[in-house]
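These notes are about the structure you will find just below.
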Amino acid sequence: MSRPRHGGSDGMPPDTTPLADASPATSSPAAAQRDTTPTLDTTPTAAHSLADPVGDAKRLDRSGWLWRIVEFLLALGITGMLVTIAVQVVGRLFGWSPPWTEEVARFLFMDGVFLGMAAGFRAAAHPRVSVLVARGPGWVAGLSLHATVACALFFFAILAWKSIELVAQQMHTNETSPALGLSMWIVTVPLAVGSLLSIIGTVQSVYFDRGLRKRLLKGEVIA
Amino acid sequence: MMSLTLILVFVVLLALGVPLALALGVGVTVTLMVFGLPLEMMAQSMFSSMNSFLLVAVPLFVLAGNVMAGGGISERIFNGASVIFGRFRGGLGQVNIAASAVFGGISGSSVADVVSLGKIEIKAMTDHGYPKAYGAAMTMVTSTLSSVIPPSILMIIAASSASVSVGAALAGGFGPSVVFILVLMVMNYIISVRRKYGEISTQTLKEGLKIVVVGIPAMGGPIVILLGLFGGLFTPTEAAGVAVIYSALVALFVYRDMRPRQFPAMLVESGVTTGTILFIAMVAGAASFIFTMDGLPAKVSAGLTSITTDPTLLMLIIGLILLIIGAIMDITAAILLTIPILMPTAVAAGIDPVHFIVFLVAALSIGLVTPPVGVSLFATSFVAKLPIETIVRAALPHYAVMLLAVVLLALVPELVLWPAEWLTGYVPVGR
């Protein structure tokens, strides 16, 4: 249901680069009807003040088991990167440079990026320019949300299809990584999974998460 | 035509409020379809653009920033800096600059700077006789330091996409850092003296010493990282790992402000943040491929060189273009789209690639703090709870000196090239 502490109040992550302009004051009842006259009032409201950004994470875990798994894999992936890089640095101090550390970190990173991208859609954290949504006529806000879903469907369906083809091709040619001898298609699967999850995440954030939808319609900066 | 189609679709969707990276992705896909090009290119290019060990540094530096903010490290950096610089007129303004410089020396992210240090800085400045708008403006403009001071995430992304030595570009970042610090400090001093801003802090020597000693582990972070990075002890990616581990150890065991159970949430947040930054990088890579295929770099080059072939003048014109693009576009996308289009012209005119990359990041970083699209500006507005216009008005003198700094960086390549030569043995073009 609504996620009161999500987004603005639970922490602006570094460089999430929210692109939107600040929304006009939203506390007045008139805001519901959308004031079409341009206003200079860009005071950020309490709703999206960064009350306690520090260390309080972008929690997706109120959104069901699917995203809890994604969260878990993300945390696991980054921990894995940290551990392998630590092994690499410490190992070199002792004259031991295993060839696999670089490869493991890189693969964990790639898969983490594809899942993080999807989680970003669930949290509506991808930077957007919402000046028109916040200050334009009311129908723009609704159109903006439908357009976002349509774009996500179009783009990620094609991306998923093409990455599945890429997986098939890598399986066929039996391409393996140099150090680990790992089949490359295993690394590519998360791109397909991330694409499909991005569609689910976008649809959920726009149509099924009332709190988030409300904030998107106001053109708030969500990060 | 291809470039035009892409840009048109992108701009329309962007204006509609579709997430930037998605709008760009749809633009690329539609262009590929309309011009009968293989769609495989999209998946291939997205996959291979992420297949880079260097970029592993991004989630780790983001995580380091989160740990510093959540583990009380930012706060100690600020306290330490205020003892050292707080004794002069406009002192807390200088503290703001120094603390951002130290923070940037570990985290490499401008928005992280505003969010974690900003609250502390704005409160301290307001409590000690500075107008809130001025404190907010200082917090905002100093956040650009994180984008240029090594180990800047943006510098790593820019240098790796341009196939320029990442070490040299990071080291070259010291140039704009020093110039930004100096012009901002001078401007802050002049304003504070003229308008009689700020009280002078009055700690006893003993109190001051105590705060500095407590701050040493926090302020020592950049020293560990920069020494390791430029001393050849570790690569940028390894430096990012070390930054996380160092910050976590200090937060957990020295300051004890963080509990281990806070860590998973920070990991998840860093993963999501990285996903949003690098999704832009993925599609921007594919888009720039289309621009290159369409011959856009050659057209831009022909256009620019018809105006002038003088490298210095060319740099100034490019600087102007970058300031405009930086103001209206997200910085990651701006970096990745402008490099393939502008760099061939610059290099052909005899401009050193490292000078160009560092200059590009520095010029675009100003877009972080200017309207209409500036993420640090928005973040500051949230943190300070002040309208954007108020902050922009208070920051006007700082914008002016930062523009001056960009001109200086264009005119004096040595500002960038000397640190790159000294620290990494980089040999500039034409020497």
Side-chain angles (χ1 to χ4, degrees), chain A residues 12-19 21-22 40 42-44 48-50 53-55 57-59 71 74-75 78-79 81-82 85-86 88-89 102 105-106 109-110 112-113 116-117 119-120 123 125-130 132-133 143-144 147-148 151-152 154-155 158-159 162-163 166 188 191 221, chain B residues 13-22 25-26 29 39-40 42-43 47 50-51 53 56 59 62-63 65-66 69-70 109 111-112 115-116 234 238 241-242 244-245 262 264-279 330 372-373 375 378-379 381-383 385 387-389:
Chain A
M12 165 93 68
D15 267 5
T16 310
T17 55
L19 270 180
D21 204 335
L40 273 176
T42 49
T43 318
H48 57 297
S49 67
L50 288 159
V54 173
K58 188 188 305 302
R59 279 166 216 275
E71 266 195 337
L74 270 179
I78 296 182
T79 311
M81 288 177 227
L82 262 182
I85 284 169
Q88 187 168 314
V89 174
E102 188 262 348
R106 186 156 41 88
F109 159 75
M110 292 170 78
V113 169
M117 167 185 85
H126 285 275
R128 63 188 83 213
V129 178
S130 57
L132 219 60
V133 174
L143 180 66
S144 159
T148 301
C151 284
F154 171 75
F155 178 74
I158 292 177
L159 188 62
K162 288 297 159 190
S163 44
L166 190 62
T188 315
L191 179 57
V221 172
Chain B
L13 292 176
L14 192 67
L16 257 182
V18 172
L20 182 140
L22 192 54
V26 171
T29 317
L39 286 169
E40 283 76 16
M42 188 79 209
F47 182 79
M50 288 301 107
N51 197 355
F53 182 62
V56 180
V62 171
L63 179 60
N66 287 343
S109 154
V111 177
V115 171
S116 73
F234 33 74
E238 291 167 356
V242 172
V244 173
I245 294 168
Q262 284 174 280
M266 291 180 182
L267 289 170
V268 173
E269 167 158 355
S270 308
V272 177
T273 303
T274 307
T276 56
I277 298 175
L278 291 180
F279 179 39
D330 168 78
V373 178
V375 280
F378 300 145
S381 165
F382 296 140
V383 172
K385 300 195 173 65
I388 284 168
E389 288 88 5

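Here is the naming used below: chain letters follow the sequence lines, and residue numbers restart at 1 for every chain.
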Considering residues at least two apart in sequence or located in another chain, which fulfil the ring pair (Phe, Tyr, Trp, His ring centres under 6.0 Å) criterion with A/Phe109? none
Those residues that, when tested against A/Thr188, pass side-chain hydrogen bond (donor to acceptor under 3.5 Å, both in side chains) (two or more places apart): A/Gln170
Nearest heavy atoms of [X] and [Y], plus distance in Å:
{"X": "B/Ile245", "Y": "A/Ala86", "value": "CD1-CB, 3.9 Å"}
{"X": "B/Val268", "Y": "A/Ala75", "value": "CG2-CB, 4.2 Å"}
{"X": "B/Thr276", "Y": "A/Gly120", "value": "CG2-CA, 4.2 Å"}
{"X": "B/Glu238", "Y": "A/Ile85", "value": "CA-CG2, 3.8 Å"}
{"X": "A/Lys162", "Y": "B/Glu40", "value": "NZ-OE2, 2.8 Å"}
{"X": "A/Ser163", "Y": "B/Ala43", "value": "N-CB, 4.1 Å"}

Note, [X] side chain near [Y] side chain (heavy atom, < 4.5 Å):
{"X": "B/Phe47", "Y": "A/Met110", "result": "yes"}
{"X": "A/Arg106", "Y": "B/Asn51", "result": "yes"}
{"X": "A/Cys151", "Y": "B/Leu13", "result": "yes"}

Pick whichever of B/Gly25, B/Ala15, B/Pro19, B/Pro59 has the most heavy-atom pairs under 4.5 Å with chain A. B/Pro19
Gap separating the [atom1] atom of [X] from the [atom2] atom of [Y], nearest 0.5 angstrom:
{"X": "A/Ile78", "Y": "B/Met266", "atom1": "CD1", "atom2": "CE", "answer": "12.5 Å"}
{"X": "B/Met42", "Y": "A/Ile158", "atom1": "CE", "atom2": "CD1", "answer": "9.0 Å"}
{"X": "B/Thr274", "Y": "A/Met117", "atom1": "OG1", "atom2": "CE", "answer": "13.0 Å"}

Should the pair A/His126 and B/Phe279 be assigned to parallel (<30°), tilted (30 to 60°) or perpendicular (>60°) ring geometry? perpendicular
Between B/Leu22 and chain A, which part of the residue has a heavy atom less than 4.5 Å away: side chain, backbone, both or neither? side chain
Working for side chain to side chain contact (heavy atoms under 4.5 Å, CB included), residues B/Leu63 and A/Leu82: CA-CA 10 Å; B/Leu63 179 60; A/Leu82 262 182; 4.1 Å; yes
Given 3.5 Å as the limit, does a donor-acceptor pair link the side chain of A/Ser144 with the main chain of B/Leu16, or not? yes
